[in-house]
Colleague: 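This is the structure I want to talk about, given as structure tokens.
Given the structure is predicted, the values throughout are model-derived calculations rather than measurements.
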Amino acid sequence: MAIDTRTPRTGQRWHPAWTVAAVTLGALVAAAAFRSSTGVLIEPIESEFGWTRATTSGAVSLNLVLYGLAAPFAAAVMERFGPRRVVTLSLLLVGLASLATTFMTAPWQLWLLWGFVIGIGTGAMALVFGAIVANRWFHTHRGLVMGVFSAANATGQLIFLPAIAWAAEHHGWRSAAYVTVGLALLMSLLIWLFLGDQPADRGMLPYGVAEGYAVEAPPATTESPALAAIRVLRQSSRSWAFWALVLTFWVCGWSTNGLIQTHFIPAAHDHGMAQTTAAGLLALVGIFDVLGTVASGWLTDRMDSRVLLAIYYGGRGLSLLAIDAVLAPHVEPGMWVFIVFYGLDWVATVPPTVALCRQHFGIKDSGMVFGWVFCAHMVGAGIGASIAGWIRTASGSYHSAWLLAAALCFISVGLALSIRKRPMTVAT
């Protein structure tokens, strides 16, 4: 296998890795904006066409499923053809599909565009994209960079969701769709111009590698991306580390997107809190999510990732045990503590999970491995949302749903600590 010993150009203060990281973050933020826009546009579309909530939510559900399932295969395609071409094409597809929704007249078109095309397009820009970029372009600060990438979802919602909502309210839902179209086309151009597939293509080494240091170049491959994704799944599934990461991330999806994101507002309303107040509190979670995930990335560069995961899942479990005590008609001090902590902990699990994928399965396959782990996250979110809803319907309360999720978080503590420690090397 070839060894790339080329060195960075001397006298260059700004390493291109940071430009690559900036446009990657922009694409991830844009993908989050596309995904969050569906929640704003559902009611206006239903009002215009007379479609039922089952019709529109079915398209969103298809989007969620394909978003998760696309991740490992998207990683394989990026390994074969490079992130630049894959992400540029994905952004163009999302933009064109968003534009096409403004001309739709039948429910099947909504399912095709929102559910299928945008589901796969945004799935190709899920966190596996960020993981591949961080692994290829950075030797030092990988955890910090991955933390910033992980915060993109909350950042996209905070920046663009208010603009999309304002456009939909004052100028109609089609105007809001045009916002996402323009964003997609702009980011596709920036990705094509500034995203490099790997440092070696520019005669450089990853950021943080000393001049003259030998680094293994990613080998060229002619393997089918679909076969590569299946091969990586088959090989990695022989390792306990893989199953521990799958199970812990499955619980992560259950306890965040599935439980809190889906059921926090109706649960707060059960305790007499106004829905607008509960929605505002959930939005605050996104602000602290940015801070917590970046901090988690910084810690991942300095601490054992297994220990970090144990701390995150343990703390999340304790907070779920306390949520019934802090829910009330008005925002009490205990609720502020819950919001701050849950926000800081929301996706703090991502940087150490990505790091463990890299340490145990190597840079070449870690993107696809994380894709399968991320798929488990979305499956856990779907199952958690359904079971919490069933518990609320059967018992009239979310109490058992909180306890069940807390128990799963405590089990995840043991799963994280059961992963065998691997030494850190340049190759990983």
Colleague: Should we count CZ of F194 as having more than 12 external heavy atoms under 6.0 Å?
Modeller: no
Colleague: How close do G367 and V128 get, counting heavy atoms only, and between which atoms?
Modeller: O-CG1, 3.8 Å
Colleague: For D324, enumerate each residue passing the salt bridge (Lys or Arg N to Asp or Glu O under 4.0 Å) test, keeping only those at least two apart in sequence or located in another chain.
Modeller: none
Colleague: Taking the ring centre of each residue, are W137 and Y207 less than 6.0 Å apart?
Modeller: no
Colleague: For the residue pair V133 and V20, establish whether any side-chain heavy-atom pair is separated by less than 4.5 Å.
Modeller: yes
Colleague: Should R85 and D197 count as an ion pair when the cut-off is N to O under 4.0 Å?
Modeller: no
Colleague: Search all heavy atoms of S255 against all heavy atoms of L320 and return the closest pair with its distance.
Modeller: CB-CD1, 4.4 Å
Colleague: One pair to check against side chain to side chain contact (heavy atoms under 4.5 Å, CB included): V285 and F338. What are the steps and the verdict?
Modeller: CA-CA 9 Å; V285 168; F338 175 84; over 6 Å; no
Colleague: Which word best sums up how the rings of H263 and Y398 line up, parallel for under 30°, tilted for 30 to 60°, or perpendicular for over 60°?
Modeller: tilted
Colleague: Classify the angle between the aromatic ring planes of W346 and Y342 as parallel (below 30°), tilted (30 to 60°) or perpendicular (above 60°).
Modeller: perpendicular
Colleague: Taking NZ, NE, NH1 and NH2 as the nitrogens, is one of them in D345 or R316 under 4.0 Å from a carboxylate oxygen of the other?
Modeller: yes
Colleague: State yes or no: are the ring centers of W372 and F73 separated by less than 6.0 Å?
Modeller: yes
Colleague: I'd like to know whether CH2 of W18 has more than 12 heavy-atom contacts from other residues, nucleotides or ligands below 6.0 angstrom.
Modeller: yes
Colleague: How about CZ on F341, more than 12 heavy atoms from neighbouring residues, nucleotides or ligands closer than 6.0 Å, or not?
Modeller: yes
Colleague: Would M368 and L233 count as a side chain to side chain contact (heavy atoms under 4.5 Å, CB included) here? Give the steps.
Modeller: CA-CA 8 Å; M368 285 179 276; L233 173 62; over 6 Å; no
Colleague: Does the side chain of Y312 pick up a donor-acceptor pair with the side chain of S296 at under 3.5 Å?
Modeller: yes
Colleague: Report yes if the side chains of Y313 and L309 come closer than 4.5 Å at any heavy-atom pair, otherwise no.
Modeller: yes
Colleague: Should the pair R84 and W192 be classed as cation-pi, given the thresholds of under 6.0 Å to the six-membered ring centre and 45° from the axis?
Modeller: yes
Colleague: Can S418 and W240 be counted as having a side-chain donor-acceptor contact under 3.5 angstrom?
Modeller: yes
Colleague: Are I419 and T248 packed together at the side-chain level, in the sense that at least one heavy-atom pair is separated by less than 4.5 angstrom?
Modeller: no
Colleague: Any side-chain heavy-atom pair from C357 and L245 closer than 4.5 angstrom?
Modeller: yes
Colleague: Is the distance between the ring centroids of Y67 and F374 under 6.0 Å?
Modeller: yes
